[in-house]
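Structure first, commentary second.
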Amino acid sequence: MSVQKLPSHSQDFSDWYNEIIMRAELADTPPRVPEQLRGFMVLRPYGYALWENLQAALDAMFKATGHKNAYFPVLIPMSFIAKEKDHVEGFKPELAVVTHGGGEELTEPLVVRPTSETVIGHMYAQWIRTYRDLPVLINQWGSVLRWEKRTRAFMRTAEFLWQEGHTAHATEEEAEAETLQMLEIYRILAEDWAAVPVLTGRKSESEKFAGALRTYTIESLMPDGRALQSGTSHNLGQNFARAFDIQYQDRDNTLKYCWTTSWGLSWRMLGALIGLHGDDKGLKFPPKLAPIQVVIVPIYRSDEERAAVMGAVDHLKTALSGVRLEVDDREGLTPGFKFNDWEMRGVPIRIELGPRDVAGRVAVVARRDIPDKSGKESVGWDSLGETVQARLADIQAGLFRTAQERRARMTFTASSWDEFMSLVPESGGFGFIRAYWAGDDADEAWVKQAAGGVTIRAFPFDQPTEPGRCIRTGKETTQVAVFARAY
RNA sequence: CGGGGCGUAGCGCAGCUCGGUAGCGCGCCUGGUUUGGGUCCAGGAAGUCGGAGGUUCAAAUCCUCUCGCCCCGACCA
C-alpha cells in the first residue's frame with residue numbers, strides 16, 4: 001500500500017520487474033543463510049493463485065490428450081544422473097548433492113532432482129513389457145532444483161515449480177508427434193491463456209536439452225527486447241531408453257527400445273506474463289489467469305449509505321457468480337487509493353459502486369487496460385454480468401494483440417553479417433532477428449562471441465520458401481534462424 | 001567468476017569529506033477527520049548504522065578484512 005511511484009516499465013524494465021513482484025505481493029525473498037543459499041523464492045498467496053490458474057488450464061489440456069499425473073521422488077542417486085552421457089555433462093555443474101541422511105554418511109550421494117528423466121526412466125524400464133503397455137503418458141507436477149549463478153524472480157530461480165511430462169512410445173514417429181503435440185499445448189497456454197505471443201520452433205544443437213535428440217521451444221520476447229525460453233518439449237530418441245533399458249516386446253516377438261519424450265513448463269511463464277503486460281501503474285493480468293478478475297470498490301460516507309451500498313454489493317455478487325470476485329471493504333482507505341492499489345495489482349476490471357449508482361441501479365465498470373475516464377462506463381445491474389464477461393474477453397484479446405504488435409515492432413531481418421551487427425546493440429535486449437543460417441556449432445559459438453551473447457533462439461516452424469545466403473558462411477540455404485539475447 | 005554501483009527503522013534515503021553517541025519521507029499503531037482517482041490533523045512505536053577486527057577518551061563517519069544485494073558480462077532445458 002505504498003504511494004511511491006513505480007520505476008518506468010518501458011525505461012527501467014529490470015527495476016520495474018523486481019519492484020512490482022514485491023509490491024504486488026506475488027513473491028518474496030527467503031533468508032539467505034548460509035550465504036550460498038541464493039536464488040530461492042517464496043511464492044506468496046497472490047502469486048500462487050496465479051500459478052494455480054495456469055496449472056488448472058494446462059492440466060486440463062494434458063488430461064484431454066490422454067495424460068495422467070503421477071509423482072516421483074525428489075532425490076535421485078548420483079549414478080542415475082551419470083547414466084546418460086550428455087545428460088550428466090549438461091547438468092553436473094548445477095546439481096545440489098545430499099551426502100548425509102539420518103546422521104550417517106550415505107554410501108552414494110543423492111542428487112536433488114534437476115529434472116526427472118532418470119528416475120522416471122528407471123521406473124518405466126520396470127513397467128513396460130510389451131507393445132500393449134505403450135504409450136505411457138505421464139505428467140508430474142512438482143519442483144526441481146538447479147544451482148544457477150545469476151537468478152531473477154520467476155525467470156530463473158534455483159528451485160522452481162513446474163510440470164514435467166514423460167512419455168514412452170513404440171516408434172519414433174509417435175514420439176515425434178507427441179513432442180510436437182505438447183509444444184502446441186504450450187503455445188495455446190501462452191497465447192490463449194497468458195496472452196503471451198510465442199515463437200515456436202526447434203532448438204539448435206548447442207541449445208538443445210542435455211540428452212535429447214531434438215528440442216522444441218516456445219520463445220517469448222520481453223519488453224526490454226530479451227528473449228525468454230518459456231517452455232520446451234524434447235524428443236529424447238532412444239537415448240534414455242538405452243541408458244535405462246526401457247524395452248518392450250513387439251508384435252514380431254523381438255525386444256525393442258522405446259522412444260521417449262519429455263516436456264516442461266515452469267513458473268517462468270508467470271515471469272513472462274508479469275513482465276510483458278505491465279505498465280507504469282503496475283501489473284495487467286490476462287483475465288483468464290488473473291487471481292482476481294473483478295474487484296468491487298464500494299463508496300459511501302454515512303452509515304446509511306454504507307448499508308445501502310453494501311446491500312447492493314450482495315446483489316451484484318449474485319449477478320457476477322462465476323467470475324473470480326473480490327470486494328474491497330477495507331475501512332479507512334479512500335476509493336482513490338483503492339483504485340490505484342488494484343490497478344497496481346493487475347486486476348482486469350474494477351466495479352465502482354456508490355450511492356449515486358445504487359439510486360440508479362447501475363454500477364461503474366472500469367477497465368485496467370484503458371486508463372482514466374475513457375475506460376469507465378455505467379452499466380445497469382441487469383446487464384452487468386453480461387457486460388463484465390464481454391469486457392473480460394475483450395481485455396484478454398487486447399493484451400495479446402498489443403503484445404503481438406510490440407513483438408512485430410521488435411522483429412527484424414538481416415541478410416548479411418554487417419546488417420545483423422547493425423541491429424545488435426553493445427548490451428541489453430533488442431528483439432528478434434531473422435536471418436538465413438547454414439552454420440554449424442562452431443559458427444554458432446563464433447556468433448555468440450562476436451555479437452556479445454546473441455544466440456539462436458530457434459529455427460522457427462515458419463520457414464521461407466525462397467532460399468537465401470547464410471549470414472555467417474555465405475552458403476545458400478532455405479533455413480532461417482531467429483536470434484536474440486536471452487534471459 | 002570478471003566490470004560497475006550500493007548496504008543507516010518495514011520501504012526509499014540524508015548524515016560520512018572535517019569522529020562527539022542517529023535523522024527525514026512513506027508505511028505501521030492510537031484517536032479524530034475524510035471517502036466518486038493515492039484525505040487531513042495530533043500523538044506514538046520501531047534502528048546491534050551489513051559483519052568482524054583495528055585506530056581513538058570517543059567510530060555510521062577513519063583503516064583493514066569480510067559478507068550480501070542490484071546492474072552489465074561469462075555460465076545456464
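In what follows, chains are A, B, ... by sequence order, proteins preceding strands, each numbered from 1.
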Please report, rounded to the nearest Å, how far the [atom2] atom of [N] is from the [atom1] atom of [X].
X        : N     : atom1 : atom2 : answer
A/Phe13  : B/C71 : CZ    : P     : 11 Å
A/Lys203 : B/C76 : NZ    : P     : 13 Å
A/Met310 : B/U35 : CE    : P     : 18 Å
A/Ile20  : B/C11 : CD1   : C1'   : 15 Å
A/Tyr487 : B/C75 : OH    : P     : 18 Å
A/Met344 : B/G27 : CE    : C1'   : 13 Å
A/Arg457 : B/C76 : CZ    : C1'   : 11 Å
A/Glu19  : B/G10 : CD    : C1'   : 13 Å

Nearest of [options] to any side-chain atom of [X]?
X        : options             : value
A/Lys448 : B/G37, B/C76, B/G36 : B/C76
A/Lys281 : B/G37, B/G36, B/C75 : B/G37
A/Phe337 : B/G38, B/C71, B/G73 : B/G38
A/Glu343 : B/G36, B/U39, B/G37 : B/G37
A/Asn18  : B/G37, B/G36, B/C70 : B/C70
A/Ser14  : B/C75, B/C72, B/G73 : B/C72
A/Glu352 : B/C75, B/G73, B/G36 : B/G36
A/Asn340 : B/U35, B/G38, B/G36 : B/G38

Do the side-chain N or O atoms of [X] get closer than 4.0 angstrom to the phosphate oxygens (OP1, OP2) of [N]?
X        : N     : value
A/Arg152 : B/C70 : no
A/Arg301 : B/U35 : yes
A/Arg226 : B/G73 : yes

Using the [atom1] atom in both, what is the distance from [N] to [M], to the nearest Å?
N     : M     : atom1 : result
B/C24 : B/G47 : P     : 15 Å
B/C13 : B/C70 : P     : 14 Å
B/C62 : B/G4  : C1'   : 25 Å
B/U48 : B/C40 : P     : 31 Å
B/A60 : B/G51 : P     : 11 Å
B/U17 : B/G2  : P     : 31 Å
B/C57 : B/G15 : P     : 29 Å
B/G7  : B/C49 : C1'   : 10 Å

Geometric class of the A/Trp141/A/Phe62 ring pair [parallel <30°, tilted 30-60°, perpendicular >60°]: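 Tilted.
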Mutual orientation of the aromatic rings belonging to A/Phe13 and A/His9 [parallel < 30°, tilted 30-60°, perpendicular > 60°]: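 Because their plane-to-plane angle is over 60°, the rings of A/Phe13 and A/His9 count as perpendicular.
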Given RNA chain B, 5'-ward residue of the pair A/Phe209 and A/Gly336, judged by closest heavy atom: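 That would be A/Gly336.
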A/Glu207 or A/Gly453, whichever maps to the more 5' nucleotide of RNA chain B: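 Nearest-nucleotide comparison on RNA chain B picks A/Gly453.
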Under a 3.5 Å limit for both distances, which nucleotide forms a Watson-Crick or G-U wobble pair with [N], could you say?
N     : result
B/A46 : none
B/G73 : B/C1
B/G38 : none
B/G68 : B/C6
B/U56 : none
B/C13 : B/G23

With no angle test and no hydrogens, is the base of [N] tied to the side chain of [X] by a donor-acceptor pair under 3.5 Å?
X        : N     : answer
A/Asp357 : B/G36 : yes
A/Arg146 : B/C76 : no
A/Arg350 : B/G37 : yes

Scan [X] against the nucleic acid and name what it touches under 4.0 Å (heavy atoms): base, sugar-phosphate only, or nothing.
X        : value
A/Thr232 : base
A/Val297 : nothing
A/Gly428 : sugar-phosphate

Residue among A/Tyr186, A/Phe461, A/Trp263 satisfying ring pair (Phe, Tyr, Trp, His ring centres under 6.0 Å) with A/Tyr216: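 Single pass found, and it is A/Phe461.
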Passing option when A/Glu219 is tested against A/Arg457, A/Arg187, A/Arg226 for salt bridge (charged side-chain N to carboxylate O under 4.0 Å, His left out):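 Testing A/Glu219 for a salt bridge (charged side-chain N to carboxylate O under 4.0 Å, His left out) against A/Arg457, A/Arg187, A/Arg226 leaves exactly one candidate, A/Arg457.
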Aromatic ring proximity A/Tyr124/A/Phe240, centre distance under 6.0 Å: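 No, the ring centres sit 6.0 Å or more apart.
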Min side-chain heavy-atom separation A/Glu191-A/Val198 under 4.5 Å: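 The answer is yes; the side chains approach within 4.5 Å.
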Spacing of CD1 belonging to A/Ile21 relative to CE belonging to A/Met41, to within rounding of 0.5 Å: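 If we round to the nearest 0.5 Å, A/Ile21:CD1 and A/Met41:CE are 7.0 Å apart.
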Chi angles and distances behind the salt bridge (Lys or Arg N to Asp or Glu O under 4.0 Å) call for A/Glu352, A/Lys376: CA-CA 10 Å; A/Glu352 306 169 9; A/Lys376 293 192 185 188; 2.9 Å; yes
Donor-acceptor under 3.5 Å (A/Glu84 side chain, A/His87 main chain):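 Flag set: sc A/Glu84 to bb A/His87 pair under 3.5 Å.
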